[in-house]
Colleague: 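Okay, handing you the structure first.
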Amino acid sequence: MNPGTDMGMPTNVGEAVEGPGSGVPAVGESVTLPGKRFRVERTDDRWRDYGILSHFGYFEGEDGERIPRRYQLIEVDSKHPATGKRIRVTIVKSPNFRFVPNEVVRDIASRAAEEHGMRHVHFGVKGASGVLGEYTSSGLGMYLRFVGSETRDVRLGDPVAIGFGVGNSIDGSIAPLSFSGFTLRLACTNGAVSASELTAFRVRVEGGVGDIEREVRARLGGLLQYMEDEIETYRRWTTTPIDDLLARMLALTMPKKYIESVVLVGKGGTVVNYAHIDAWSAFNAVTDPLSHRKLEARHREELLLRLRRAFDVWQAVREGRMSVEEAEDRLGIDLEEAPTALEP
């Protein structure tokens, strides 16, 4: 980042713009942007080997007046992990934003997975390499999956394995160091991600890499144990038929193109009809297109989490643990109205 270089000024914090990604300005040195200058107070170069530098300081107006709020400018000069295309951007973030390079998180997750006898698996994305399906289009965000070698039958001939996913980014597009549990139905290899708060956690980016890795290992065991218990939930679903309530919840929370094999949605998002099948079959009928269509990793996970949340809330209503009104609040829907669900 050299003085006098025109990089373009993002409108919002977190927005990325093309940047030169070269050089480290000295403390007190300024960087010229259109109509503004960024005065560098300090630079963090701990991730220099990964092509990432963080500059902390404040903006000045054209008259040299200091703009009170401080910012962090993250310079990235690297390559897209899947395409090899060069990435040269500058990201404006809060000075409190903390991140770890995707390569470091991949290594931490891989070692933790190995300790639990798990292997890395690629997304089954049609028309694209598995690696491409694991990264955002910018190459700054990543979502990986690891799955265990042991399986349990939900019902005879329908084996399921447990696993975990790890999300990370250096621009905030995916929550840094976020972990979630999932199950993998091996009959058709579609992933079913659990949305329960008990099966997800984030690791705060504090201390060194060793501190982060120790926290990941300590918390991952509990997440995987919870996923073992999830299989019992699936077994109950095999004897539970879906009903009008679940059909309406799906119609109001999921884009209809993903639920069309289970729920027929008419004009205005109303339920015309639904398949008379058990909840386990319905759940997998929806996760199948979500797992196999060409979707960006973050988009896929948001849809899978939305789906599981609908099933969890429906089950809670059926078991008397939640009222319909509470279910509406939890899902952010009105079961008396029927606006068409949109993509996240």
Side-chain angles (χ1 to χ4, degrees), residues 1-2 5-24 43-55 72-93 97-111 113 119-146 164-180 191 203 205 209 212 290-304 343-344:
M1 185 187 291
N2 296 323
T5 302
D6 184 349
M7 298 191 305
M9 177 60 186
T11 302
N12 301 311
V13 174
E15 184 176 343
V17 294
E18 292 299 318
S22 60
V24 180
T43 293
D44 185 340
D45 65 351
R46 73 182 68 185
W47 306 124
R48 176 195 286 273
D49 290 345
Y50 299 92
I52 305 171
L53 296 173
S54 292
H55 309 292
Q72 174 183 183
L73 263 61
I74 304 172
E75 276 195 288
V76 182
D77 188 355
S78 61
K79 292 184 179 181
H80 194 294
T83 66
K85 182 180 178 180
R86 191 174 187 183
I87 301 172
R88 301 183 72 191
V89 296
T90 299
I91 305 158
V92 181
K93 301 292 290 185
F97 178 73
R98 297 291 181 266
F99 65 90
V100 178
N102 290 325
E103 297 92 331
V104 175
V105 174
R106 176 185 279 270
D107 289 343
I108 290 174
S110 296
R111 287 191 290 268
R119 69 185 190 283
H120 172 226
V121 292
H122 290 297
F123 290 105
V125 182
K126 293 183 178 179
S129 69
V131 176
L132 186 61
E134 295 179 335
Y135 291 88
T136 57
S137 57
S138 67
L140 303 176
M142 171 189 77
Y143 192 90
L144 306 176
R145 277 181 168 178
F146 298 86
F164 71 93
V166 54
N168 188 67
S169 72
I170 58 177
D171 64 345
S173 57
I174 295 177
L177 282 166
S178 53
F179 290 75
S180 61
V203 175
V205 183
V209 173
I212 293 172
L290 291 177
S291 298
H292 295 106
R293 291 190 184 183
K294 186 178 179 181
L295 297 173
E296 192 174 80
R298 179 178 57 173
H299 187 192
R300 182 194 317 278
E301 294 310 309
E302 287 174 346
L303 287 168
L304 285 168
E343 298 276 356

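Worth knowing before you read on, the calculation uses all heavy atoms, side chains too, and leaves out hydrogens, waters and symmetry mates. Note that the coordinates shown come from a computational prediction; the quantities given were computed from them, not determined experimentally.
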Colleague: Starting at CG of Asn168, measure out to CG of Leu140 and round the result to the nearest 0.5 Å.
Modeller: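 One finds 11.0 Å between CG of Asn168 and CG of Leu140.
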Colleague: Would a distance-only check, ignoring hydrogens and angles, find a side-chain to backbone donor-acceptor pair under 3.5 Å from Glu103 to Tyr50?
Modeller: no
Colleague: Side-chain contact test, heavy atoms from C-beta onward, threshold under 4.5 Å: evaluate it for Val92 versus Leu73 and give yes or no.
Modeller: yes
Colleague: Can you tell me how far apart CG (Asp77) and CZ (Arg88) are? Round to the nearest 0.5 Å.
Modeller: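 It comes to 5.0 Å.
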Colleague: I'd like to check the salt bridge (charged side-chain N to carboxylate O under 4.0 Å, His left out) partners of Arg46; sequence neighbours left out, ordered by chain and number.
Modeller: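 With sequence neighbours excluded, Arg46 shows a salt bridge (charged side-chain N to carboxylate O under 4.0 Å, His left out) to Asp44, given in chain and number order.
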Colleague: Provide the closest heavy-atom pair for Arg145 versus His120 in the form atom of the first, atom of the second, distance.
Modeller: O-CD2, 3.2 Å
Colleague: What pairs with Val205 under side-chain contact (heavy atoms from CB on, under 4.5 Å), at least two apart in sequence or on another chain?
Modeller: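 Residues passing side-chain contact (heavy atoms from CB on, under 4.5 Å) with Val205: Arg98, Val100, Leu177, Ile212.
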Colleague: Using 30° and 60° as the class boundaries, would you call the ring planes of Trp47 and Phe99 parallel, tilted or perpendicular?
Modeller: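 The arrangement is tilted - the two ring planes meet at 30° to 60°.
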Colleague: Between Thr83 and Tyr135, is the side chain to side chain contact (heavy atoms under 4.5 Å, CB included) condition met? List the steps.
Modeller: CA-CA 10 Å; Thr83 66; Tyr135 291 88; over 6 Å; no
Colleague: CD of Glu134 to OH of Tyr143: how many Å apart, nearest 0.5 Å?
Modeller: 11.0 Å
Colleague: Hey, is the main chain of Gly141 close enough, under 3.5 Å, to the side chain of Ser169 for a donor-acceptor pair?
Modeller: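 No; judged by distance alone, with no hydrogens or angles, the pair does not exist.
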Colleague: Drop me the distance from Met142's CE to Thr136's OG1, to the nearest 0.5 angstrom.
Modeller: 10.5 Å
Colleague: Ser173 and Asp171: side-chain donor and acceptor closer than 3.5 Å?
Modeller: yes
Colleague: Measuring from atom CD1 of Ile170 to atom OG of Ser78, what distance do you get when rounded to the nearest 0.5 angstrom?
Modeller: 6.0 Å
Colleague: How close do Ile74 and Ser54 get, counting heavy atoms only, and between which atoms?
Modeller: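 Nearest pair, atom of Ile74 first, then Ser54: CG1-OG, 3.9 Å.
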Colleague: In Å, rounded to the nearest 0.5 Å, how long is the span from NE2 of His299 to CG of Leu290?
Modeller: 8.5 Å
